[in-house]
Participant: 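Could you have a look at this structure, given as structure tokens, before my questions?
Below, read A as the first sequence line, B as the second, and so on, with proteins coming before strands; counting in each chain starts at 1.
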2 protein chains.
Amino acid sequence: MNELTHLKSAGLKSTLPRLKVLSLFESGSERHLSAEDVYKKLLASGDDVGLATVYRVLNQFEQAGLLVKHHFEGDKSVFELNQGDHHDHIVCLQCGRVEEFYDATIEQRQKKAAAERGFELHDHSLYIYANCVKPKCQFRN
Amino acid sequence: MNELTHLKSAGLKSTLPRLKVLSLFESGSERHLSAEDVYKKLLASGDDVGLATVYRVLNQFEQAGLLVKHHFEGDKSVFELNQGDHHDHIVCLQCGRVEEFYDATIEQRQKKAAAERGFELHDHSLYIYANCVKPKCQFRN
DNA sequence: TATGCTAATGCTAATCATTCTCATTTGTAA
DNA sequence: TTACAAATGAGAATGATTAGCATTAGCATA
Ligand SMILES: [Mn+2]
Ligand SMILES: [Mn+2]
Ligand SMILES: [Zn+2]
Ligand SMILES: [Zn+2]
């Protein structure tokens, strides 16, 4: 299933900005990108897309289920390709590196915590903030 | 240990705005308050404190360890009294009601997840978004 | 392929929460 | 009291995100 198909099945017409944004995520150089990251990367590659359009497209993709949005510590939110697999994140407070993880026990206990208190769980956000160790950590890229 | 002592031991001089903000949290009517919540409550009770001061004081209290800051879904952040006990939150997407919980297993598995990947855990944020059931849930207070 | 309509785009201006500036006021310790 | 640094308040500034609107571009049709 290619980009074009993705867009169509999401009821979005296939436009240049949308294709560019989508392929940026599918190229896979970096998984977690903010609106501005996307905007700058497009500019850098000679593709002119307005910042407002980037924001719009990212949100449409999220609604359509193509992307997932996260709010790491700090102000700006980041998006990543939705590949069906839910996972949570560990974020390095020094260099910003993000590592993904999934823990079935944690997931299950969250369901339980909600159920026990009479809540119908909708979703959750779990971010672990930490420092990665010397070799991998490049303080402030 | 009273408010005044709290402030002093935090190296903050005892000013009217600080005492008012602190006692608001200690009065305990509502645990989780945004800067604007605090601002409005003070106005309502006839205490004039500038919004900028509210923001400053809240942040100072957080630095001092008197308050803890959270970022529930949405834009504005909320504060609550730091009573030493760490806990996570379930937030109702309909009415905004917040319930607190602590799950030792979740805490432990987070430590493990970080350690296994070579991170020194600093802290974490876990929010469960859900809908509370009929009796308790008052859609949009 | 040309035409037309609607959705999409790209500016710019507007929001909104939060922070900053700076003149004025307060807490405090001598 | 006085003196002075620290704190406050009002409003401007910021930064991310969204809204408004005139212009353009998909795409279906003739
Ligand atoms: Mn991820
Ligand atoms: Mn709480
Ligand atoms: Zn790092
Ligand atoms: Zn509710």
Participant: Check the distance between C/dT9's P and A/L16's CG and give it to me in whole angstrom.
Facilitator: 9 Å
Participant: Without decimals, in angstroms, what is the distance between B/K8 NZ and C/dG27 P?
Facilitator: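 Whole-Å distance recorded here is 13 Å.
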Participant: Which nucleotide wins on minimum distance to the side chain of A/R18, given the candidates C/dT9, C/dT28, D/dC27?
Facilitator: C/dT9
Participant: Rounded to the nearest 0.5 Å, how far apart are NZ of A/K69 and OG of A/S77?
Facilitator: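 Those atoms lie 4.5 Å apart.
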Participant: Does B/R56 make a side-chain N or O approach to OP1 or OP2 of D/dT8 shorter than 4.0 Å?
Facilitator: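 No, outside the criterion.
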Participant: If you measure from the Lys or Arg side-chain nitrogens to the Asp or Glu carboxylate oxygens, is any gap between A/E36 and A/K40 under 4.0 Å?
Facilitator: yes
Participant: Strictly below 4.0 Å: does B/S34 bring a side-chain N or O up to OP1 or OP2 of C/dA17?
Facilitator: no
Participant: Rounded to whole Å, how long is the line connecting atom CG of B/L7 with atom P of C/dT26?
Facilitator: 18 Å
Participant: Decide if the gap between the ring center of B/H89 and the ring center of A/H124 is smaller than 6.0 angstrom.
Facilitator: no
Participant: Round to the nearest Å and state the distance from A/Q60 atom CD to D/dT17 atom P.
Facilitator: 16 Å
Participant: Which listed nucleotide (C/dT19, C/dT18, C/dG10) is nearest to the side chain of B/N59?
Facilitator: C/dT19
Participant: Taking the side chain of A/L51 as heavy atoms from C-beta outward, which of C/dT18, D/dC27, D/dT17 is closest to it?
Facilitator: D/dT17
Participant: Atom OH of A/Y39 to atom P of D/dT18: distance rounded to whole Å?
Facilitator: 16 Å
Participant: Does A/Y55 make a side-chain N or O approach to OP1 or OP2 of D/dT17 shorter than 4.0 Å?
Facilitator: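 For A/Y55, the contact criterion (side-chain N or O under 4.0 Å from OP1 or OP2 of D/dT17) is met.
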Participant: When the distance from CG of B/L43 to P of D/dA10 is rounded to whole Å, what number comes out?
Facilitator: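 Distance, rounded to whole Å: 10 Å.
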Participant: From the list C/dG27, D/dA16, D/dG9, which nucleotide is the closest neighbour of the side chain of A/E36?
Facilitator: D/dA16
Participant: At 4.0 Å (heavy atoms only), tell me whether A/T53 reaches a base, stays on the sugar-phosphate, or touches nothing.
Facilitator: base
Participant: Does a donor on one side chain and an acceptor on the other come within less than 3.5 Å for B/H86 and B/E107?
Facilitator: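 Yes - a donor-acceptor pair under 3.5 Å links their side chains.
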Participant: Which nucleotide, D/dA7, C/dG10, C/dT18, lies nearest any side-chain atom of A/P17?
Facilitator: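 Nearest to the side-chain atoms of A/P17, counting from C-beta on, is C/dG10.
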Participant: Any side-chain N or O of B/K76 less than 4.0 Å from the OP1 or OP2 oxygen of C/dA17?
Facilitator: yes
Participant: Take atom CG of B/L12 and atom C1' of D/dA6, then tell me their distance rounded to the nearest Å.
Facilitator: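 These atoms are roughly 11 Å apart.
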Participant: Of the listed nucleotides (C/dA17, D/dA10, D/dG26), which one gets closest to any side-chain atom of B/A52?
Facilitator: D/dA10
Participant: Are A/Y127 and A/F72 an aromatic pair by the rule of ring centers under 6.0 Å?
Facilitator: yes
Participant: Can you check whether B/T15 has a side-chain N or O nearer than 4.0 Å to OP1 or OP2 of D/dT8?
Facilitator: yes
Participant: Looking only at atom types and distance, does a side-chain atom of B/R97 sit under 3.5 Å from a main-chain N or O of B/C132, one as donor and one as acceptor?
Facilitator: no
Participant: Quick one: which of C/dT18, D/dA6, D/dC27 gets closest to the side chain of B/S77?
Facilitator: C/dT18
Participant: May I have the distance from A/D37 (atom CG) to D/dG15 (atom P), rounded to whole angstrom?
Facilitator: 16 Å
